[in-house]
Amino acid sequence: MPVPKGPLGRRTLLASTAGALAASAGCLNRFQASVDRDTPEQVSLSISTVPADEDPVPVGIARHLAETFATAGIDVGLQPVTTEKLWRNVLLNQNFDLYVGQHPGHFDPDYLYGLLHSRFSEEPGWQNPYGYVNVPGVDDPLETQRTASGDTRTTALSSLAEAVREEAPLSVVAYPEESRAIRTDRYSGWSYRSFESPLGYLGLQERTGAERGSRPRETLRVGITDRRITYNLNPLSAEYRDRWVVTGLLYDPLGRYIEGAVEPWLADDWSWIDDRLRVRLREGLTWHDGTDLTAHDVAFTHRLLRDTTGTAESPTVPAPCFRARSSLVDGVEATGERTVEFALAGTPETGLRALTVPILPTHIWEERTALTSIAVFDLENVTEALVVDNMNPVGSGPLRFEAATPDTRLELVRNDEHFLAELSDGSFPAFEGGPPYERLTFVYFPSEATLVESIQAGDLDASATALSPGEIERARQASEVDLAAETTSAYYHVGFNTRNAPLSNPRFRRALSRLLDREYLRTEVFAGNAIPAFDPIAVGGPDDEWTTDHPAGFVGESGSGTVEEKTAHDLFREAGYIYNEGGELIVR
């Protein structure tokens with residue numbers, strides 16, 4: 001659906017695009033930037049994003065882009081779809097032109113190896129969803145940072161960041177400050193651990209009986225506005241998983257990121273022997289169904305992630321969620337019931353990332369290796385392991401599945417057989433004894449306002465999902481409610497499908513990126529609760545690089561949200577494009 005062009009005021013245009021969003025769901029065609037060499041046509045782009053009731057931030061970014069794109073003479077449509085469908089279209093079917101969304105975030109810049117390396121340009125998942133290929137400019141520093149350390153790695157990452165800004169397969173908008181509404185009368189420690197990690201739920205402390213009064217301690221109740229966890233708990237399903245927090249409570253990895261470094265978790269120790277990593281598991285590990293968890297499960301999991309068909313030949317259907325980390329494993333072998341050896345690519349600094357994937361039980365997942373077909377996927381090969389809902393998950397985590405009601409709630413219960421329950425060696429003092437509650441219940445709310453009211457009434461302890469900027473102030477004003485805020489690594493960004501012209505041209509993508517007014521978005525869309533940024537990494541932290549006069553910054557007056565028509569047209573003319581007499585950007 002086209003956005004009106006011409007000298008319209010921002011308010012008028014935003015109102016019109018808001019109407020377009022509401023009216024055009026499901027009726028817009030995919031990318032239409034066709035190139036007719038006989039009849040020049042206006043460049044036409046479609047921006048996919050989630051509707052405002054699921055997350056108002058990407059819609060606000062998309063509307064801003066629609067306005068500045070229209071000023072630049074581009075025919076632009078907005079395509080709102082559910083979160084599940086957005087990621088299915090982008091990550092699996094590769095059926096999009098531009099999208100606005102939130103990346104799950106990262107603990108180490110090596111995640112860019114999967115996000116941008118050419119070897120993944122045709123694979124589904126968060127592995128290069130842009131179809132981007134730049135072997136010398138980006139692949140080289142990606143390879144270097146994986147095998148380097150210290151200053152050499154820092155230099156490679158700086159070169160990589162500069163190349164990404166120049167090539168613009170994606171444009172980072174901002175790292176948001178996420179705020180969650182909480183009550184502190186039953187549990188404390190809400191701000192001690194990040195809710196980007198399952199550790200946020202394990203690091204809480206129980207209030208004393210005197211502090212708690214008559215309020216019971218048995219159940220931690222949190223509200224969610226994303227209902228996907230009520231009908232899918234498959235840790236390998238890319239379109240259902242954003243940050244793996246819930247599945248991270250059900251499934252343990254060998255190592256977890258704690259205080260910025262990978263620390264042994266299911267493993268009680270590891271050591272490097274020549275170029276191989278030997279990992280020893282803790283004693284007495286079991287799955288939730290009572291079956292022993294052994295080194296053979298570890299080896300099976302890493303082979304399954306490389307090839308979910310379970311064949312002994314070269315990988316054919318890798319798990320798209322963990323492709324970058326599985327690419328770090330050149331070989332894995334169980335050498336005993338508790339010992340497993342890895343041949344890892346990269347240095348200890350980057351190679352240990354391979355140990356942060358969830359370990360899966362062989363006796364459940366080896367039966368899910370058959371090829372299947374799903375109508376909603378455009379993929380040729382899909383295995384049952386990738387599409388099964390897994391609503392009776394058998395993991396080894398500190399919480400185990402109890403029950404779920406679709407679109408209503410998910411209930412997990414404490415796993416008293418977990419190693420944390422008996423831990424007393426001081427290795428993880430914040431988590432010794434396991435979760436301070438018997439049950440964790442996620443309750444779905446379609447409205448953030450209702451969710452906050454339930455916290456205020458004492459029916460919930462916290463909002464598990466971050467509040468939108470518009471709801472933060474409401475929560476701040478509510479009695480009995482506090483806010484726990486953190487700056488997350490899960491950044492909002494615009495992604496470009498570089499498989500098709502003119503988005504295949506880096507000069508065109510760079511020009512589009514310069515129509516993003518990050519300062520305007522910081523104040524108007526994030527309500528000040530975000531750090532604007534240009535890079536999917538920022539060496540030294542995302543706030544180190546932000547400046548409004550950055551060479552990759554807004555082409556108009558920063559903070560205004562608008563750009564003069566001549567300025568926008570000159571931007572694309574300098575990139576080699578032309579306009580017709582009607583002021584439309586055209587391609588031949």
Side-chain angles (χ1 to χ4, degrees), residues 30-31 33 35 43 45-49 65 86-106 108-146 156-173 238-239 318 320-327 378-379 491-516 533-538 551-552 575-577 587:
R30 64 183 298 252
F31 181 50
V35 180
V43 172
L45 301 173
S46 175
I47 305 174
S48 298
T49 190
L65 281 178
L86 173 68
W87 295 129
R88 181 181 298 149
N89 288 345
V90 171
L91 303 180
L92 301 179
N93 294 333
Q94 300 167 349
N95 183 9
F96 69 102
D97 36 357
L98 280 77
Y99 74 87
V100 181
Q102 190 172 20
H103 187 275
H106 59 89
D108 186 282
D110 184 65
Y111 89 99
L112 286 173
Y113 189 91
L115 191 69
L116 295 172
H117 200 288
S118 300
R119 64 182 290 192
F120 302 125
S121 62
E122 299 300 324
E123 292 191 10
W126 274 110
Q127 283 59 245
N128 203 339
Y130 324 107
Y132 173 71
V133 177
N134 185 331
V135 175
V138 170
D139 285 1
D140 286 354
L142 282 172
E143 297 283 358
T144 299
Q145 66 80 31
R146 173 162 277 195
L157 291 173
S158 296
S159 298
L160 180 60
E162 182 177 353
V164 172
R165 286 196 299 269
E166 285 292 311
E167 291 287 309
L170 75 162
S171 290
V172 174
V173 177
E239 75 272 36
C321 287
F322 303 104
R323 189 73 173 100
R325 278 175 274 185
S326 68
S327 71
D378 294 336
L379 306 176
Y491 54 84
Y492 284 95
H493 66 289
V494 181
F496 305 104
N497 191 340
T498 70
R499 300 172 180 87
N500 303 312
L503 292 169
S504 56
N505 187 337
R507 291 182 298 172
F508 184 76
R509 298 194 301 268
R510 193 159 55 244
L512 291 179
S513 296
R514 299 204 62 191
L515 294 174
L516 268 170
F534 296 104
D535 297 328
I537 57 169
Y577 291 83
V587 289

Non-neighbouring partners of [X] that pass side-chain contact (heavy atoms from CB on, under 4.5 Å), sequence neighbours left out:
X: Val138; answer: Leu116, Tyr132, Asn134, Leu142, Leu160, Ala163
X: Glu143; answer: Tyr113, His117
X: Ser118; answer: Val133, Val135, Asp139

For [X] versus [Y], what's the shortest heavy-atom pair and its separation?
X: Pro320; Y: Pro124; value: CB-O, 3.4 Å
X: Arg165; Y: Ala552; value: CD-CB, 4.3 Å
X: Asp535; Y: Ala161; value: OD1-O, 3.6 Å
X: Ile47; Y: Leu65; value: CD1-CB, 3.9 Å
X: Leu92; Y: Gly125; value: CD2-N, 4.2 Å

Would you say that [X] contacts [Y] through its side chain, given a criterion of any heavy-atom pair below 4.5 Å between the two side chains?
X: Phe496; Y: Leu98; result: yes
X: Leu115; Y: His103; result: yes
X: Leu112; Y: Leu157; result: no
X: Asn500; Y: Asp97; result: no
X: Val164; Y: Pro536; result: yes
X: Phe120; Y: Ser327; result: yes

Check: [Y] main-chain N/O paired with [X] side-chain donor or acceptor under 3.5 Å:
X: Ser171; Y: Val494; answer: no
X: Thr49; Y: Val100; answer: yes
X: Arg509; Y: Ala168; answer: yes

Pair Tyr491-His106, side chain to side chain contact (heavy atoms under 4.5 Å, CB included): steps then yes or no: CA-CA 9 Å; Tyr491 54 84; His106 59 89; 4.3 Å; yes
Sequence neighbours excluded - salt bridge (Lys or Arg N to Asp or Glu O under 4.0 Å) pairs with any residue from residues 110-138: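 Every pair satisfying salt bridge (Lys or Arg N to Asp or Glu O under 4.0 Å) with a residue in residues 110-138: Asp110-Arg146, Asp110-Arg353, Glu123-Arg323.
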OG on Ser121 to CD on Gln94, rounded to 0.5 Å: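 That separation rounds to 8.5 Å.
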Interatomic distance, Glu239 atom CD to Cys321 atom SG [nearest 0.5 angstrom]: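 Glu239 atom CD to Cys321 atom SG measures 8.5 Å (nearest 0.5 Å).
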Residues in ring pair (Phe, Tyr, Trp, His ring centres under 6.0 Å) contact with Tyr577, at least two apart in sequence or another chain: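 Here the qualifying residues are Phe508.
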Set of residues satisfying ring pair (Phe, Tyr, Trp, His ring centres under 6.0 Å) with respect to Tyr99, sequence neighbours excluded: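 Per chain and number, Tyr99 pairs via ring pair (Phe, Tyr, Trp, His ring centres under 6.0 Å) with Trp87, Phe96, His493.
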